Q: 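Got a structure here, written out as structure tokens. Questions coming.
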Amino acid sequence: MASDMFGSPLPAPGDDTPEEAGLPEPPAPEGPGLFGDPAPPPAPAAKPAEQPGYRVLARKYRPTSFDDLIGQDVLVRTLRHAFAQGRVHHAFLLTGVRGVGKTTTARIIARALNCIGVDGKGGPTADPCGVCPECKAILADRHPDVVELDAASNNSVDDVRELREALRFRASQGRQKVFILDECHMLSGAAFNAFLKTLEEPPSGVTFILATTELRKVPITIRSRCQTFALRRVPQDSLAQHFARICDKETVTAEPDALAMIARAADGSVRDGLSLLDQAIGQSGAAEVRAEAVRDMLGLADRAMIIDLMEALMGGDIAAALGIMDRAHELGADPLVILQDLAELCHLLTRFRAAPALRQDGSLPEAERVRGAALAQRLSVPVLGRTWQMLLKGIGELQLEGADRRAAAEMVLIRIAHVADMPTPGDLVKRLTEAGEVGGAPRPAPSGGGGGLRAVAGGVPVRAEAAPSQPVTALAQPSTWQEIVALASGVKPMLHAQLRHSVHPVRIAPGRLEINPEPDAPRDLAAQLTALLTEATGQRWTVIISQEAGAPTLAAQGKEAEADRLAAARAHPLVQAILAAFPGATIEAVHDGAADAYGLSRSAATADDDARDFAPPDAEPAYGDDETPPDDF
């Protein structure tokens with residue numbers, strides 16, 4: 001074996017290196033070699049330990065205890081009492097919009113059930129320690145007895161069967177097995193049925209926590225077996241304060257208005273708000289998170305600009321409104337968001353009108369409290385309601401596929417500004433009524449009753465006193481065809497429909513009725529009507545089938561009366577004035593307060609004039625009750 005100059009053996013070709021052979025590595029030579037060889041390059045420095053990857057704010061500041069949950073005071077208080085009293089339910093159903101903390105709450109409950117405390121001897125507690133092996137494993141999502149399932153991808157009967165099989169085994173590490181079923185409304189109907197019995201009577205040591213955003217899609221049989229908690233949307237002021245605390249921890253400076261915008265855009269969702277805050281911090285770099293940058297990021301228009309736009313619209317200034325729209329477009333604001341902001345402001349102004357005390361709400365921005373309150377004072381509730389309806393319709397137009405959003409938004413603004421100085425239908429009627437004359441014709445004197453014509457012009461009911469109402473008196477015995485047919489209403493629905501549409505009244509007298517049924521009427525119609533009249537009046541009636549044409553059916557009479565009322569309404573001066581003031585308006589329906597359920601006057605008699613020539617009530621009929629009259633009767 002070869003050796004070096006100091007007698008140490010040299011490795012043969014193919015032998016392991018000193019590291020592979022387990023021998024200590026010889027020290028690196030310092031300076032030039034013995035024979036003038038250059039010094040070897042210095043050994044590379046050891047690599048620094050890798051820094052952990054960045055965690056988004058929504059994960060980094062995820063609540064780990066009940067105290068960390070914001071905006072869920074009722075839930076926290078109830079669960080604390082349940083743990084304190086040892087009355088923790090075996091199944092929970094958590095519902096609420098996205099990002100309010102349903103899954104987070106489920107994990108906190110799992111830790112509370114399995115925590116063993118710092119000394120390893122603790123029991124279930126509403127304040128898990130966070131340092132015991134159980135808490136650490138659940139926080140790291142690696143606890144074998146806490147299983148999270150996504151019902152969107154595990155929604156079949158087979159998946160439920162696998163879950164039931166897993167229940168046969170006791171907890172392997174923790175005190176309690178916890179199954180968290182997210183988006184449980186995605187389970188199929190068969191899967192719900194298969195899960196029902198297990199949910200009602202689970203094995204000891206098992207807790208189910210179901211979470212959903214669609215509570216109405218969860219069967220009532222499932223809901224009845226769970227303790228249900230509705231997680232609320234977190235208020236905007238609470239979100240803004242929460243975001244401010246996180247910015248302090250992250251050593252990030254943020255303007256209060258910027259945080260308020262993010263909180264408003266989060267719509268009650270903590271997770272959505274933290275994602276937006278993460279984006280705003282990343283966009284600002286190391287600088288301050290400013291409101292202007294957040295506004296550009298969210299595609300919002302300035303709140304002051306929205307108030308300016310509303311003032312221009314309510315003043316009928318179309319040019320100014322379009323100019324504000326152009327400036328908002330240059331700033332990158334989305335036309336749909338602008339209309340949505342206008343609708344939100346319209347709602348706020350309406351609230352100011354309905355409840356003036358809201359103007360002192362400190363949670364509202366100063367611009368909205370001061371300028372908004374002043375604008376609301378100048379507008380009436382009908383005008384705000386009309387603007388609201390037009391904005392809702394316009395938002396729907398912008399959401400249509402293929403629509404030019406900017407052009408559609410401008411058309412909506414033009415329509416709102418065009419009608420801004422026009423009176424509402426109610427104001428117009430009031431002005432026309434107070435004027436005393438309409439179209440040169442004297443205004444008809446109002447009647448003393450509640451009758452008259454009530455026309456619906458353009459969808460707005462307008463009362464026109466055209467005919468006095470008649471007092472309605474209850475008759476012991478029916479004397480008109482309407483009263484006879486009304487006896488069957490609600491008592492014999494089929495007979496009522498046949499009498500109304502298929503029977504022509506010929507003559508009516510006390511205790512005696514002559515009718516002419518249409519061919520489609522049943523053969524025993526006379527017998528059914530006789531029995532009805534006798535039972536309803538307590539008096540013997542005779543019903544005769546006649547071959548005379550008789551009066552029109554009750555349904556035909558009602559249609560004719562409706563046409564007459566419509567013609568009378570069109571000829572009324574007040575209605576004509578309304579139609580002239582609102583081009584394109586139409587009379588959709590006319591209601592007569594003096595009319596009965598069939599659209600006929602209650603005082604009108606349909607019997608012929610010769611009905612008084614009938615025989616007295618005690619006269620004998622020409623044939624028996626069970627006999628059929630001859631065809632030529």
Side-chain angles (χ1 to χ4, degrees), residues 52 54-84 88-89 92-115 117-118 122 124-143 146-148 174 176 178-183 207 209-213 227-250 252 259 262-263 266-278 281:
Y54 174 72
R55 298 182 67 194
V56 297
L57 298 180
R59 293 186 59 192
K60 185 175 181 180
Y61 294 99
R62 191 171 196 168
T64 58
S65 66
F66 289 127
D67 292 336
D68 295 337
L69 291 174
I70 61 173
Q72 311 299 338
D73 298 337
V74 176
L75 166 71
V76 172
R77 183 169 59 251
T78 305
L79 289 177
R80 283 191 173 279
H81 290 168
F83 276 97
V88 182
H89 206 277
F92 297 93
L93 177 58
L94 307 178
T95 180
V97 298
R98 71 196 183 283
V100 293
K102 298 184 295 296
T103 307
T104 298
T105 302
R107 293 178 178 178
I108 296 175
I109 295 175
R111 292 176 52 223
L113 290 170
N114 285 283
C115 178
V118 179
T125 175
D127 296 299
C129 64
V131 297
C132 68
E134 309 299 328
C135 288
K136 289 183 177 180
I138 296 174
L139 284 172
D141 295 335
R142 53 178 175 81
H143 198 288
V146 178
V147 182
E148 292 190 27
Q176 192 87 358
V178 180
F179 290 89
I180 301 173
L181 192 61
D182 200 9
E183 300 299 336
T207 299
I209 306 178
L210 284 64
T212 179
T213 56
Q227 195 173 66
T228 304
F229 292 98
L231 277 72
R232 304 171 181 269
R233 293 178 185 267
V234 182
Q236 291 184 12
D237 55 346
S238 298
L239 280 177
Q241 295 172 9
H242 182 58
F243 298 157
R245 290 192 296 268
I246 290 178
C247 287
D248 291 340
K249 294 178 181 178
E250 294 288 316
V252 173
L259 298 180
I262 295 175
D267 194 22
S269 172
V270 182
R271 184 179 63 227
D272 289 1
L274 289 176
S275 298
L276 293 175
L277 180 60
D278 227 337
I281 294 175

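This one's a predicted model, so the numbers in the text were calculated from it and none came from an experiment.
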Q: Is any side-chain heavy atom of I209 less than 4.5 Å from a side-chain heavy atom of T207?
A: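 Yes, side chains in contact.
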Q: Heavy atoms only: give me the nearest L139-G130 pair and the separation to one decimal.
A: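 It is CD1-O, 4.3 Å.
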Q: Would D278 and R59 pass as an ion pair if we require N to O under 4.0 Å?
A: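 A salt bridge is absent here (no side-chain N lies under 4.0 Å from a carboxylate O).
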Q: So, K102 side chain and L231 main chain: donor-acceptor pair closer than 3.5 Å or not?
A: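 A pair under 3.5 Å: no.
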Q: According to side chain to side chain contact (heavy atoms under 4.5 Å, CB included), who are the partners of S269, at least two apart in sequence or on a separate chain?
A: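 Scan of S269 (side chain to side chain contact (heavy atoms under 4.5 Å, CB included), adjacent residues dropped) gives R98, R271, D272.
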Q: R232 and Q72: which non-hydrogen atoms are nearest, and at how many Å?
A: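 Taking every non-hydrogen atom into account, O-NE2, 2.8 Å.
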Q: Which heavy atom of A240 sits nearest to which heavy atom of L259, and what is that distance?
A: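 In terms of heavy atoms, the two residues are closest at O-CD1, 4.1 Å.
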Q: Taking only residues two or more places apart in sequence or in another chain, which ones pass ring pair (Phe, Tyr, Trp, His ring centres under 6.0 Å) with F179?
A: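 Partners of F179 under the ring pair (Phe, Tyr, Trp, His ring centres under 6.0 Å) test: F208.
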Q: Might you point out which heavy atoms bring L113 and P124 nearest each other, and give the distance in Å?
A: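 Closest approach of L113 to P124: O-CG, 4.1 Å.
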Q: Just wondering, do E148 and V178 contact through their side chains at under 4.5 Å, heavy atoms?
A: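 When only atoms from C-beta onward are counted, E148 and V178 do not touch, as no gap falls below 4.5 Å.
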Q: For T105, enumerate each residue passing the side-chain hydrogen bond (donor to acceptor under 3.5 Å, both in side chains) test, keeping only those at least two apart in sequence or located in another chain.
A: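 T105: no side-chain hydrogen bond (donor to acceptor under 3.5 Å, both in side chains) contacts found.
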Q: Looking at every heavy atom in both D127 and R80, which two are closest together, and how far apart are they?
A: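 Residues D127 and R80, closest heavy atoms: OD1-NH2, 2.8 Å.
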